[in-house]
Amino acid sequence: MAKKEIKTDLWVALQLDECKIKYDAQGSDVKEINEALKSASKRGTGKAGFPEYVAVIGDFVLVIEDKADIGKQIKLTENGIIDISVNSVVEYAVNGAYFYAKHIAQNSSFKKVFAVGVSGDAKHHVITPLWVDDREGYKQLPDIESFISFSEQNISEYYTRYVLEEATDIEKTTEQILKDAAELHEYLRTYGTLKDQDKPLVVAGILLALDEIEFGGFNLAALTGDQLAGNRDGDKLMNAIRTRLTRSNVGPDAKKDKLLAEFAILQTSFRLNEVNDTLGKTPLKFYTEFLYEHVFRNIKYQKTSEDFIGRFYGEFMSYSGGDGQTLGIILTPRHICDLMCELVNVQPGDTVFDPTCGTAGFLISAMHIMLTMADSDQQRKSIKKKQLHGYELQSNMFAVAAANMILRKDGNSNLECCDFLRKNPAQVQMKGATVGLMNPPYSQGTKADPEQYELSFIEHLLDSLTVGARAAVIVPQSSMTGKTKDEQKLKVSIMKKHTLEGVITCNTDTFYGVGTNPVIAIFTAYEPHDKDKVCKFIDFRDDGYEVRAHVGLIEGDSAKDKKQHLMDVWNGRAEAPSRFCVESTVKPDDEWLHSFYYFNDEIPTDEDFEKAIGDYLTFEFSMIMQNREYLFGGGEKDEES
């Protein structure tokens, strides 16, 4: 048992190291805590007692006890509370962690203490956190998969969510964004009578004009409602947009002209430029003031990869019932964009390509990660100018994507309005893309037009990347099964040229309201799939994101923890039971899904074994009472039966 305990100790230490949590073993370098532990004997002798690990993270203390046997995770009294008897404190992980944490809270000035009990090993384990106060209370928190919630950058948010049960700043911001989007949608409908496809263009165009304020190229006060041609509010906004595109060095001219043509709705709409009696101003001025106050200030100084305009686009479309699904347009949520960038390990030296970029969510996520890792202004300039490429077929979404990038100081973004499938992969390959990210149109392929299958988009993307490039695509899980002959041929063709690394089954609510069950597939380009290659198939449906009424899909309390666990397993830093991850060789005619390869490798606990034996004996007794003991060789079967 001692050897098993050491293995568990080492595994826990490794997890703490992965999360960059500084800890002390068997004591604490903090004198006050160490003094408190000198009288913390589990057996109540008043002598010293030390937990496996203690970490001080800001104002918080983390106390950890571990056991090798999962059956020794926690012991409760008959009333359902933690048993603090000597035997339970000594034998059980959570009970021991609680004992030490309580002792520290009561005998030192540290009052914000988390106790964590861990049992099991790298593959099968349980991690249970408690919040402990300096009195007699405690709060048991949901089990976790990693210690990422206790890292320096996350612990305050974890405390706010779990202990205080309050909304975090990110949640408040997200909720406000959605509320503002709903409000603006109503204003666009009421005062502008705009078509669905024009709404995001009006928003994006106004934001571009507002971006000229700091250069003196636009002033809100200039929107006076003048009806003279060339001097209307729409004319002034368009002049500011034109200046903004020039300042961002958007080129060639054909690209600039296409963008200006899309934003021309600001000039051509009589309704937008007419003074509204209810508002006392033009709808354009009203929208501009609203966006400046509610959106522009957020997006202007936002450091995360949050795709604000994309969120507005999605909100507008969802309210109007015209969300582009008939065209297969499903905007990728921000957290999925970030996750896919991490799965392919985007680096500052990469060139990233999204051939169906929508509102540029993937490119924005990649840019944010790359800029964060860049070590010089020259490298940052190169990332923005040369290393981000995207195609978009729909001209209105192309304009929104271009505006989205420009507002993030990437005015020379290499975006093109074109049909990716009409492009020669060899020519696209000249971009030198080392990373491909894609959310292709869904459910467009047919026997009559097999080129529109998601697998066709995947092959075209892989063929367009450089040798050894990494690619991540999010597609419906049905596309991984190869239902039709054409799709089966595509799977064979893909594996002849490229390597499948793995497939991750996502939360069924990822595209909330759309009804698509998505998966993320990861590939390596131009390395033929070896028949002995072992791929990872992961069930990540429980990703910690949840649907909240009137808000939609939001990050739940456990999302960061679950994502960390996923990345640890994906990168080989942690093992996982088969219910989460199955590693297997792959054939083209397999269903590339976790559910296809899954087998149960759970190790039954003593309680499971005892229950199974008890159930069997109950069944046997019941059969004997019904004169059916012959089922167990205990009697002769009736010859006529």
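The figures here come from the full heavy-atom set of this structure, side chains too, leaving out hydrogens, waters and symmetry mates. In what follows, residues are counted from 1 in the order of the sequence shown.
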Roughly how far, to the nearest 0.5 Å, is [atom2] of [Y] from [atom1] of [X]?
| X | Y | atom1 | atom2 | value |
| --- | --- | --- | --- | --- |
| Leu266 | Leu284 | CG | CG | 6.0 Å |
| Leu388 | Lys431 | CG | NZ | 11.5 Å |
| Ile520 | Thr510 | CD1 | OG1 | 7.5 Å |
| Ile474 | Phe511 | CD1 | CZ | 4.0 Å |
| Gln227 | Thr282 | CD | OG1 | 8.5 Å |
| Arg271 | Leu194 | CZ | CG | 9.5 Å |

With a 4.5 Å cut-off on side-chain heavy atoms, are [Y] and [X] touching?
| X | Y | value |
| --- | --- | --- |
| Ile265 | Val202 | yes |
| Phe218 | Arg244 | no |
| Met480 | Val475 | yes |

Under a plain distance cut-off of 3.5 Å, with no hydrogens placed, do [Y] and [X] share a side-chain donor-acceptor pair?
| X | Y | answer |
| --- | --- | --- |
| Glu262 | Ser395 | yes |
| Ser479 | Glu487 | no |
| Asp350 | Thr434 | yes |
| Thr508 | Asn517 | no |
| Gln347 | Asn345 | yes |

Is the side chain of [X] donor-acceptor paired with the backbone N or O of [Y] at a distance under 3.5 Å, no angle test?
| X | Y | value |
| --- | --- | --- |
| Thr481 | Ser478 | yes |
| Asn154 | Ile148 | yes |
| Asn414 | Gly390 | no |
| Asp539 | Arg541 | yes |

Requested in this report: Please check if the distance between the ring centroids of Tyr191 and Tyr287 is under 6.0 Å.
Outcome: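 Ring-ring flag for Tyr191/Tyr287: false, centres at least 6.0 Å apart.
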
Query raised in the report: Is the cationic atom of Lys423 (NZ for Lys, CZ for Arg) positioned less than 6.0 Å from the six-membered ring centroid of Tyr391 and within 45 degrees of its normal?
Result: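 Output yes; distance and angle both within limits.
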
Pair [X] + [Y]: basic N to acidic O under 4.0 Å:
| X | Y | answer |
| --- | --- | --- |
| Glu451 | Arg422 | yes |
| Asp211 | Arg247 | no |
| Asp338 | Arg334 | yes |
| Glu501 | Arg470 | no |
| Asp226 | Arg232 | no |
| Glu186 | Arg189 | yes |
| Lys258 | Glu392 | no |

Requested in this report: Just do the side chain to side chain contact (heavy atoms under 4.5 Å, CB included) check on Asn507 and Phe540 with the steps written out, would you?
Outcome: CA-CA 7 Å; Asn507 187 333; Phe540 195 51; over 6 Å; no

Query raised in the report: What are the two closest heavy atoms between Ile241 and Phe263, and how far apart are they?
Result: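 Minimum heavy-atom separation between Ile241 and Phe263: CG2-CD1, 4.0 Å.
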
Requested in this report: Run the numbers on Asn276 and Lys281 for side chain to side chain contact (heavy atoms under 4.5 Å, CB included), then give the verdict.
Outcome: CA-CA 6 Å; Asn276 182 282; Lys281 61 188 75 172; over 6 Å; no

Requested in this report: Check the pair Leu371 / Lys384 against side chain to side chain contact (heavy atoms under 4.5 Å, CB included), numbers first and verdict last.
Outcome: CA-CA 9 Å; Leu371 292 176; Lys384 290 185 175 184; 3.7 Å; yes

Report task. Would you sort out whether Phe353 and Leu461 count as a side chain to side chain contact (heavy atoms under 4.5 Å, CB included), showing the intermediate values? Result -> CA-CA 9 Å; Phe353 175 50; Leu461 169 63; 3.9 Å; yes

